[in-house]
Amino acid sequence: MTAPIQPSRIADLVIYNGKIATQDDKRSFVTALAIAKGEIVASGNDHDMMQWANESTRRIDLKGRTVVPGLNDSHLHIIRGGLNFNLELRWDGVPSLRDALEMLRAQVARTPAPQWVRVIGGWNEFQFAEKRGPTLEEINAIAPDTPVFILHLYDSALLNAAALRAVGYDRDTPNPPGGEIQHDRRGNPTGMLIARPNAGLLYATLAKGPKLPLDDQLNSSRQFMRELNRLGVTSAIDAGGGYQSYPDDYAVIMELAKRNELTVRIAYNLFTQNAKKEIEDFARWVKVTKPGDGDDFLKMNGAGEMLVFSGADFEDFLEPRPDLPDVMESELEAVVRLLVQNRWPFRLHATYDESIERFLNVFERVNQDTPFNGLRWFFDHCETISARNIDRIAALGGGIAVQHRMAYQGEYFISRYGAEAAAHTPPVRKMLAAGLPVGAGTDATRVASFNPFVSLYWLVSGRTVGGTLMYAAQDRLDRMEALRRYTVGSAWFSNEETKKGALVPGQLADFAVLSDDYFTMEEDGIKHLSSVLTAVNGRIVYAAEEFETFDPPALPVSPTWSPVAEYGGYARYRPAVPLVQSCNDACVNLCGVHRHAHAWAWRSNVPAGDANAFWGALGCSCFAF
């Protein structure tokens, strides 16, 4: 943290009069930064940094605001999310079901045929003041003719009657393996699709909807990146995804990179697309691309998060833990051996310790004759990992990328496994104590919201979006450590820890000026933070409030009927005025049938009428007026 009296080059930008969390090894704060050609050249006090300026240097007075390194989501489905962002009505952060249904009603009126209205994850019923989700009756009443698809995390989806007609599901449509099309007592589909626990039915049904044309996909991807910039995100590691085929579904993001229109740096992993042919996917890909291909804005990062379909242990805590098939080991070993031989870094989805145990047996066996020798690899998620398996990961030089999935599924986990088991899901402090690289992220856009401040709130407070306390104080992170998981921590997972994550000389000039002081504000306010000025490569990509004059020209949303044109992305709500609680006991106690968690109610075989009728869906004393 030095400032030469005679600087070697002139700064393009100096930001000063701030509270800048550098994230250097000393966790230092400075008041000013000097930036040139996209990187930080000096950090220190206002006086010293001004020595790097001349008459052509832009100077920005931060007015005392807190500045952090640009946030880096180590597990975000940003490419797939970008392709679809303009199609989606986001309920992320909406404080009441009443608000959510009004948004749905307005969007139905704006959406032309044959388009659908889609609410695609990032919410749950516990965030709503009413503590329940929508019913099929409510959705059908709002949208009798426009198809509506509402995804509830990765466990279920609601389709109105128009959507059932659009996808062609009727009484004769068979259930796919691992999924259920719920039927009423007359044999007709109700509109509820359930992952049991395979979400393939949900993916496949969603994929039947209309897609955006190319120009709108380009616009959609830029709108999603701008929304991430508004939330302080400047980097993401894309974890691939179902129906995200390489290279076809990467054409849009590559075109934006070619046009120099990316405002989030992306490192992407390749996710196998063909069950039982995974080795063929990777054998083909190692011949046409390699890790590191690209540049600081868009580069290939390796394989995963799906390496073999037989290794998918899902993350649906409304269902029992799935037992992976016996063939998993042989299929995974073939893929991992190929990756290690070709020096491809890899990541692997792993929810349960029982799965991790078996995955590590495979990795250790491969390492015996095809040594990893420093090859970067890591697990994603690891909610129930044991101390023993944490140590095994450390011995193999791996890391763990954690996400705030428990902020959205904590109540379900407690219902199934108990509060004591939930108190260490995932055991982040134990991972850090073992010396593991740990990065933070969201796993958005479906299983959780893309808002990093909700994730930081979860790490710091130990609470779900519904307010349930899961973790004791000793198992939570302090604010500085949580922020480090989103900055220097995440940089390890794309092998960029010397380039990004800290606001120090020689690193990329990616930073966010926050709407409030993350370090001193009330804890509950963390989840409502945003950025008022975000820079990537020293270029301002988003600005608001007193910095609004620095904001780039607005990009109109296309198509014009897009929900994004009306609502944006993450809800701009502050805490709602509490509504009258719909449940007599505020959903604290669990009844025998519905367990007072309405996702359970939707899915239960209830002893009353049709599953989509009022008492069939919600039952017992769950509602009182």
Across all chains, not counting sequence neighbours, the side chain to side chain contact (heavy atoms under 4.5 Å, CB included) partners of Asn495 are Arg376, Glu497
Taking Leu307's backbone N and O only, do any of them form a donor-acceptor pair with Arg347's side chain (distance below 3.5 Å, no angle check)?
no
So, Ser490 versus Asn72: side-chain donor-acceptor pair below 3.5 Å or not?
no
Verify salt bridge (Lys or Arg N to Asp or Glu O under 4.0 Å) between Glu227 and Arg90, making sure each step is shown before the conclusion.
CA-CA 12 Å; Glu227 175 66 0; Arg90 302 300 307 184; over 6 Å; no
Could you please spell out the steps behind the salt bridge (Lys or Arg N to Asp or Glu O under 4.0 Å) verdict for Arg337 and Asp369?
CA-CA 9 Å; Arg337 193 175 300 279; Asp369 55 70; 2.2 Å; yes
We want to know whether Thr289 and Asp293 form a side-chain donor-acceptor pair, criterion being a heavy-atom distance below 3.5 angstrom.
yes
Whether the side chain of Asn269 engages the backbone of Ala303 through a donor-acceptor N/O pair (distance < 3.5 Å, no angle test) should be reported.
yes
Less than 4.5 Å apart, any side-chain heavy atom of Lys430 and any of Val428?
no
Please confirm whether the backbone N or O of Trp344 pairs with a side-chain atom of Asn342, one donor and one acceptor, at under 3.5 Å?
no
Give a yes or no on whether the backbone of Leu396 and the side-chain of Trp377 come within a donor-acceptor separation of less than 3.5 Å.
yes
When you measure from the side chain of Asn188 to the backbone N and O of Arg171, does any donor-acceptor pair fall under 3.5 Å?
no
Nearest heavy atoms of Leu459 and Ala482, plus distance in Å:
CB-CB, 4.1 Å
For salt bridge (Lys or Arg N to Asp or Glu O under 4.0 Å), just list the numbers for Arg485 and Glu481, CA-CA rounded to whole Å, side-chain angles, deciding distance to a tenth of an Å, and then say yes or no.
CA-CA 6 Å; Arg485 295 312 100 212; Glu481 189 58 52; 2.7 Å; yes
Provide the closest heavy-atom pair for Val340 versus Pro371 in the form atom of the first, atom of the second, distance.
CG1-O, 3.6 Å
Would you check if Phe450 and Asp92 make a side-chain contact, meaning some heavy-atom pair closer than 4.5 Å?
yes
Would you tell me whether Asn361 and Arg358 have side-chain atoms, one donor and one acceptor, within less than 3.5 Å of each other?
no
Cationic tip of Arg476 within the cone over Tyr471's six-membered ring, i.e. under 6.0 Å and within 45° of the normal?
no
CZ/Phe378 to CZ/Phe493 distance, rounded to the nearest 0.5 angstrom?
6.0 Å
Can Tyr408 and Trp123 be said to form a ring pair (Phe, Tyr, Trp, His ring centres under 6.0 Å), step by step?
CA-CA 7 Å; Tyr408 291 84; Trp123 66 278; 9.7 Å; no
Near-ring test Phe317/Tyr412, centroid separation under 6.0 angstrom:
no
Roughly how far apart are Cys382 SG and Met431 CE, rounded to 0.5 Å?
5.5 Å
Report yes or no: do Ser74 and Tyr486 form a side-chain donor-acceptor pair below 3.5 Å?
no
Determine whether the side chains of Thr384 and Asp353 contain a donor N or O and an acceptor N or O closer than 3.5 Å.
no
Which value, rounded to the nearest 0.5 Å, describes the distance between Leu87 atom CG and Arg118 atom CZ?
4.5 Å
Are any non-hydrogen side-chain atoms of Thr442 and His75 less than 4.5 angstrom apart?
no
Under 3.5 Å: donor-acceptor pair, side chain of Thr205, backbone of Leu202:
no
Hey, mind stepping through Glu319 and Arg196 against salt bridge (Lys or Arg N to Asp or Glu O under 4.0 Å) and telling me if it holds?
CA-CA 7 Å; Glu319 294 288 326; Arg196 296 215 185 268; 2.6 Å; yes
Could you note down all residue pairs passing salt bridge (Lys or Arg N to Asp or Glu O under 4.0 Å) where residues 269-278 supplies at least one of them, sequence neighbours left out?
Lys276-Glu331
Indicate yes or no for a side-chain donor-acceptor contact from Asn198 to the backbone of Gly179 under 3.5 Å, with no hydrogens or angles considered.
no
Which atom names give the shortest non-hydrogen contact between Ala444 and Leu76, and what distance separates them?
CB-CD1, 3.6 Å
How about Asn389 and Glu357: does a side-chain donor come under 3.5 Å of a side-chain acceptor?
yes
Verify the distance criterion only: is there a donor paired with an acceptor across the side chains of Asp313 and His349 at less than 3.5 Å?
yes
Quick check: does any side chain N or O of Asp281 sit under 3.5 Å from a backbone N or O of Arg284, one acting as donor and the other as acceptor?
no
Could you go step by step and tell me if Asp73 and Ile237 meet the side chain to side chain contact (heavy atoms under 4.5 Å, CB included) rule?
CA-CA 6 Å; Asp73 191 322; Ile237 307 177; over 6 Å; no
Within a 6.0 Å radius of atom NZ on Lys299, are there more than 12 heavy atoms belonging to other residues, nucleotides or ligands?
yes
What pair of heavy atoms forms the shortest contact from Thr272 to Val308, and how long is it?
CG2-N, 4.3 Å
Look up atom CH2 in Trp91 and atom NE2 in His152, then write down how far apart they are to the nearest 0.5 Å.
10.0 Å
Do Asp475 and His424 make a side-chain contact, defined as non-hydrogen atoms from C-beta onward lying under 4.5 Å apart?
yes
Please check: side-chain N/O of Thr487 versus main-chain N/O of Leu71, any donor-acceptor pairing under 3.5 Å?
no
Does any part of the side chain of Trp458, heavy atoms only, come nearer than 4.5 Å to the side chain of Thr464, both counted from C-beta?
no
Is a donor from one side chain sitting under 3.5 angstrom from an acceptor on the other, for Asn84 and Gln217?
no
Taking the side chain as C-beta and beyond, is there a heavy-atom pair between Phe271 and Glu305 under 4.5 Å?
yes
Heavy-atom closest pair (Asn301 atom, Ser494 atom, distance to 0.1 Å) is OD1-CA, 3.3 Å
Decide ring pair (Phe, Tyr, Trp, His ring centres under 6.0 Å) for Phe346 and Phe363; before the verdict, give the C-alpha distance in whole Å, the side-chain angles of both, and the deciding distance to 0.1 Å.
CA-CA 11 Å; Phe346 63 89; Phe363 297 169; 5.3 Å; yes
When you compare the side chain of Met225 with that of Leu262, does any pair of heavy atoms fall below 4.5 Å?
yes
CD1-CG distance between Ile400 and Asp380, expressed to the nearest 0.5 angstrom:
10.0 Å
Run the ring-centre check on Tyr250 versus Tyr268 and record whether the distance is less than 6.0 Å.
yes
Once you round to the nearest 0.5 Å, how far does CG of Leu318 lie from CG of Leu153?
8.5 Å
Note: Val454 and His404 closest approach over all heavy atoms is CG1-CD2, 3.7 Å
Could you check whether Glu315 and His381, counting side-chain N and O atoms only, form a donor-acceptor pair closer than 3.5 Å?
no
Between Tyr154 and Tyr203, is the ring centroid distance below 6.0 Å?
yes
Within a strict 4.5 Å, meaning less than it, do heavy atoms of the Ile78 and Ile266 side chains meet?
yes
Looking only at side-chain N and O atoms, does Glu411 offer a donor or acceptor that is under 3.5 Å from a partner on Thr468?
yes
Ignoring hydrogens and angles, tell me if any N or O in the side chain of Gln127 forms a donor-acceptor pair with the backbone of Asn124 under 3.5 Å.
yes
Identify whether the distance between the nearest side-chain nitrogen and carboxylate oxygen of Arg80 and Asp249 falls below 4.0 Å.
no
Check whether more than 12 heavy atoms from other residues, nucleotides or ligands sit under 6.0 Å from atom CG of Asp326, and answer yes or no.
no
